[in-house]
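Taking it in order: structure first as structure tokens, then the write-up.
In what follows, chains carry the letters A, B, and so on, assigned in the order in which the sequence lines appear, proteins first and then strands, with residues in each chain numbered from 1.
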Number of protein chains: 2
Amino acid sequence: MSIEDDLKGRFRNEYHKGLINLTYTTKQLGYEFFLSLKKHGIAEQQYNVLRILRGFRSQAPLTIGFIKERMLDKDSDVSRIVDRLFEKGLLTRKENSEDRRQKSVEITSKGLLLLDSMFECEKRADTLLSNLNETEVRELNRLLDKIRNNTTN
Amino acid sequence: MSIEDDLKGRFRNEYHKGLINLTYTTKQLGYEFFLSLKKHGIAEQQYNVLRILRGFRSQAPLTIGFIKERMLDKDSDVSRIVDRLFEKGLLTRKENSEDRRQKSVEITSKGLLLLDSMFECEKRADTLLSNLNETEVRELNRLLDKIRNNTTN
DNA sequence: TATAATTATATGTTACAACACATAATGTTT
DNA sequence: AAACATTATGTGTTGTAACATATAATTATA
């Protein structure tokens with residue numbers, strides 16, 4: 001399937017196509033992953049928060065700000081995502097007595113169990129680019145890094 | 001700036017990095033473009049609908065379904081996006097007398113003027129990948145196409 | 001032709017991003 | 001210590017994706 005067919009449009013040039021292609025491909029990969037998450041009744045950002053809580057368990061409890069820094073999306077509304085996970089019993093949230101502005105957030109055993117049961121989602125994520133060989137992925141990463149160097153200066 | 005620094009994390013392998021890199025880079029490019037739109041008080045999907053209305057002006061009026069097919073996101077909620085544009089006076093929306101289920105949507109002169117005033121946004125979009133040379137963009141497109149062939153089968 | 005299937009659009013819900021603003025706790029300055 | 005600044009988090013709003021369901025109009029079928 002070519003992107004031209006799919007979008008029913010034409011591109012001004014390779015750069016134009018590149019931008020649309022990036023958006024389109026990433027959206028599609030995200031959707032693939034989203035589908036594998038959906039079976040577990042959890043939204044993508046909630047999953048990401050749980051992953052961070054598990055990944056940094058040695059430094060638990062974590063604050064909202066710490067979690068926020070580690071989200072792919074820097075503007076994540078972690079307060080309300082944590083709300084939803086709290087209501088599902090997947091994490092605990094307490095006032096930090098050292099600094100009462102902060103919240104101490106920790107994954108529960110229920111949360112850990114859920115992540116364990118989602119192991120195949122993580123495996124799925126690793127296969128999304130499997131159509132590229134090692135050299136190609138490396139080249140993709142090089143190109144993406146190069147693109148970003150441009151836009152962040 | 002490396003993505004490793006930025007995400008404060010490590011990657012399992014190049015494939016893992018590739019997926020995160022795609023998500024992250026695309027998000028950043030999208031944000032760049034979003035910023036240039038914001039000055040004109042219009043949201044990204046609303047802009048996309050206006051572009052389609054202008055682009056296919058020769059076939060006007062267009063139906064909601066026609067617009068939907070041409071959106072990058074196939075699940076776009078075109079009905080409500082059109083609502084918002086209608087309220088801003090940027091398009092007209094009438095019942096189609098041939099098939100009264102359909103709506104006939106057409107961009108207004110106010111909508112065309114807005115797009116004209118946004119010409120620099122389009123130019124901006126074309127420069128987002130300018131850090132890559134022609135060969136590199138071509139290679140990027142090849143890799144993205146190859147990724148998608150995988151995930152759509 | 002009455003009925004059933006399909007189509008085009010609308011509406012309602014949940015989760016979220018991006019933003020502005022609010023609030024409370026803490027730190028700093030005078 | 002009182003006043004001000006900063007920090008951590010919360011809340012409210014708008015726009016949207018993804019989804020389910022609704023409704024009306026049209027087409028196909030028995």
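- When the P atom of D:dA8 is taken as reference, atom CG of A:Asn96 falls 11 Å away, rounded to whole Å.
- For A:Tyr15, the side chain to side chain donor-acceptor pair (under 3.5 Å) criterion is met by no residue, not counting sequence neighbours.
- For B:Lys38, the side chain to side chain donor-acceptor pair (under 3.5 Å) test picks out no residue, with sequence neighbours left out.
- Legend: residues meeting side chain to side chain donor-acceptor pair (under 3.5 Å) with B:Glu95, ordered by chain and number and at least two apart, are absent.
- Between the side chain of A:Thr108 and the backbone N or O of A:Gly89, at least one donor-acceptor pair lies under 3.5 Å.
- Residues passing the ring pair (Phe, Tyr, Trp, His ring centres under 6.0 Å) test with A:Phe66, sequence neighbours excluded: A:Phe56.
- When the side-chain contact (heavy atoms from CB on, under 4.5 Å) test is applied to A:Glu44, the partners found at least two apart in sequence or on another chain are A:Phe33, A:Phe34, A:Leu37, A:Asn48.
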Inset, instruction - Going 5' to 3' through nucleotides 10-19 of chain D, assign each nucleotide B (protein heavy atom under 4.0 Å from a base atom), S (under 4.0 Å only from sugar-phosphate atoms) or - (no protein heavy atom that close). - result: BBBB-SBSBS
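- Contact footprint of chain B on DNA chain C: nucleotides with an atom under 4.0 Å from a non-hydrogen protein atom, first to last in 5' to 3' order, C:dT7 to C:dC19.
- Applying the salt bridge (Lys or Arg N to Asp or Glu O under 4.0 Å) rule to pairs touching residues 133-144 of chain A yields A:Glu134-A:Arg138, A:Glu136-B:Arg142, A:Glu136-B:Lys146, A:Arg138-B:Glu14, A:Glu139-A:Arg142, A:Arg142-B:Glu136, sequence neighbours excluded.
- With hydrogens and angles ignored, a donor-acceptor pair under 3.5 angstrom links the side chain of A:Arg101 to the base of D:dT7.
- In this structure B:Asp77 satisfies the side chain to side chain donor-acceptor pair (under 3.5 Å) test together with B:Arg80, sequence neighbours excluded.
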